[in-house]
Amino acid sequence: MRTVTLCQKKQSVRNAFARFGSGYFDGEAWYKISKDGMVLDIEEADTDYLSIIDDTGKAVATSLQYKAGTIKGAFSGVNPPGTPGAYNCISVEGDDNAIEIFKFLADNITGESGIEFGLNLMDEDAETSVNDIFTGYTAAKLTGSKAIYNSRKNDARIFREFIHSHQITKKPSRSDINVARKRFDELFNTQDVVPAFSIYVASIKQFRAYNPESDYVRNNQKKER
């Protein structure tokens with residue numbers, strides 16, 4: 001069994017990811033995720049799945065298993081100037097698969113520590129789409145979002161929905177609204193699909209849609225998935 005080890009010690013993960021930069025790691029694997037959302041190791045397996053690993057190296061939660069190649073891989077990067085820290089991203093084929101994996105991470109990490117995850121649903125076909133799930137390892141703030149968005153936008157990808165996790169708060173923050181308004185304006189005239197925006201509230205396991213053009217206090221619409 002081949003193991004791809006990103007680093008030998010947990011405390012060196014941030015530096016390891018910074019060195020890898022845009023390095024891409026193939027799918028068909030067991031993805032080991034730290035309790036703050038970092039991809040620690042990627043181990044070859046017959047199916048694709050993720051486990052949350054505690055400080056002792058024990059798997060404390062494991063996702064559903066998916067057909068090999070469903071998780072297309074993982075990459076990492078350093079945030080642009082003005083935004084400290086790094087981020088990592090996992091790319092997943094199919095909306096349903098991506099939403100399940102995003103909820104698994106949000107339920108087990110955002111729900112425990114408040115560290116936020118983002119999910120960008122992209123491409124035109126929901127079954128064959130390749131979607132990004134990412135985190136900047138930060139509580140109550142989604143870092144890494146701008147870098148990943150700009151990269152995919154430069155590749156002329158189509159954005160259908162932007163989702164991110166909150167631990168408890170059901171409404172978008174003013175920062176969430178500002179980012180959504182900017183992206184809505186940028187994409188409205190450059191793609192046929194009008195993007196949607198949602199929050200996943202880990203404490204109640206619900207999606208809440210919001211409209212960047214609506215009054216801030218009215219953005220709290222429950223969305224079934």
Side-chain angles (χ1 to χ4, degrees), residues 6-7 10-25 27 31-42 50 52 71-92 98-99 101-123 129-155 157 159-167 169 172-184 186-187 195 197-200 202 212:
L6 302 188
C7 60
K10 181 178 177 182
Q11 57 264 33
S12 66
V13 172
R14 292 185 190 274
N15 291 333
F17 268 111
R19 290 195 301 274
F20 279 115
S22 61
Y24 204 92
F25 305 96
Y31 289 75
K32 301 178 183 181
I33 312 295
S34 74
K35 295 183 75 174
D36 50 6
M38 298 179 187
V39 178
L40 296 174
D41 293 310
I42 305 172
L50 300 85
I52 309 296
I71 301 177
K72 296 301 184 182
F75 65 90
S76 63
V78 178
N79 287 311
T83 304
Y87 61 86
N88 60 227
C89 177
I90 298 171
S91 297
V92 180
I99 289 168
I101 291 172
F102 168 79
K103 288 172 65 177
F104 167 76
L105 293 168
D107 289 344
N108 287 282
I109 297 178
T110 308
E112 292 292 325
S113 65
I115 290 171
E116 294 190 2
F117 284 81
L119 166 59
N120 295 343
L121 297 178
M122 297 181 290
D123 308 322
S129 60
V130 178
N131 309 291
D132 287 337
I133 303 170
F134 56 91
T135 184
Y137 330 118
T138 307
K141 186 176 182 181
L142 186 61
T143 57
S145 176
K146 182 177 180 180
I148 292 169
Y149 167 72
N150 286 338
S151 174
R152 299 309 194 195
K153 187 169 178 283
N154 289 339
D155 292 337
R157 299 287 296 277
F159 297 89
R160 288 180 288 112
E161 187 168 1
F162 298 95
I163 306 169
H164 70 282
S165 61
H166 281 185
Q167 185 176 28
T169 308
S173 67
R174 295 194 183 277
S175 176
D176 294 337
I177 293 291
N178 289 338
V179 170
R181 283 176 175 164
K182 183 176 181 180
R183 291 185 182 176
F184 183 91
E186 288 178 348
L187 297 173
F197 300 86
S198 298
I199 293 166
Y200 178 71

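Since the model is a prediction, treat every value here as computed from it, not as a measurement.
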How about [X] and [Y]: do any of their side-chain heavy atoms sit closer than 4.5 Å?
X      : Y      : answer
Phe159 : Arg183 : no
Ser165 : Phe102 : yes
Ser113 : Lys35  : no
Asn131 : Arg160 : yes
Val92  : Ile133 : yes

Write down the atom of [X], the atom of [Y], and the distance for their closest heavy-atom approach.
X      : Y      : answer
Leu142 : His164 : CD2-CB, 3.6 Å
Asp123 : Val130 : OD2-N, 3.0 Å
Ile177 : Pro212 : CG2-O, 4.1 Å
Asp132 : Ser91  : OD1-OG, 3.0 Å
Thr83  : Asn79  : O-CB, 3.0 Å
Ala98  : Leu119 : CB-CD1, 4.0 Å

Point to revise | Audit row: Ser151, Asn154, side chain to side chain donor-acceptor pair (under 3.5 Å) steps and yes/no | key: CA-CA 5 Å; Ser151 174; Asn154 289 339; over 6 Å; no
**Study point:** Intermediate values then yes/no, side chain to side chain contact (heavy atoms under 4.5 Å, CB included), Tyr149 and Glu186
**Key:** CA-CA 11 Å; Tyr149 167 72; Glu186 288 178 348; 2.6 Å; yes
**Study point:** Ring center gap for Tyr200 and Phe117 short of 6.0 angstrom
**Key:**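 No - the distance between ring centres of Tyr200 and Phe117 does not fall below the 6.0 Å cut-off.
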Could you tell me the separation between the [atom1] atom of [X] and the [atom2] atom of [Y], rounded to the nearest 0.5 Å?
X      : Y      : atom1 : atom2 : value
Glu116 : His166 : CD    : NE2   : 4.5 Å
Ile90  : Ile42  : CD1   : CD1   : 8.0 Å
Phe197 : Ile163 : CZ    : CD1   : 11.0 Å
Ile33  : Ile109 : CD1   : CD1   : 7.0 Å
Ile148 : Thr135 : CD1   : OG1   : 9.0 Å
Asp176 : Ser145 : CG    : OG    : 9.5 Å

Exercise for review: Name the orientation class of the two ring planes belonging to Tyr87 and Phe75 (parallel below 30°, tilted from 30 to 60°, perpendicular beyond 60°).
Suggested key: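 Judged by the thresholds at 30° and 60°, the geometry between Tyr87 and Phe75 is perpendicular.
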Check your understanding: With distance as the sole test, does Asp155 use its side chain to make a donor-acceptor pair with the main-chain N or O of Arg152 at under 3.5 Å?
Key ->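 Judged by distance alone, no pair lies under 3.5 Å.
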Check your understanding: Under 3.5 Å, is there a donor-acceptor pair linking the side chains of Asn178 and Ser175?
Key ->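 Their side chains do not contain a donor-acceptor pair, so the 3.5 Å distance test is not met.
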**Study point:** Identified side-chain hydrogen bond (donor to acceptor under 3.5 Å, both in side chains) counterpart of Tyr137 within the set Thr143, Asn88, Asp36
**Key:**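 Exactly one candidate clears the test, Asn88.
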Review point. In terms of heavy-atom contacts, does CD of Glu112 have more than 12 from other residues, nucleotides or ligands at under 6.0 Å?
Key: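 Open: at most 12 neighbouring heavy atoms sit under 6.0 Å from CD of Glu112.
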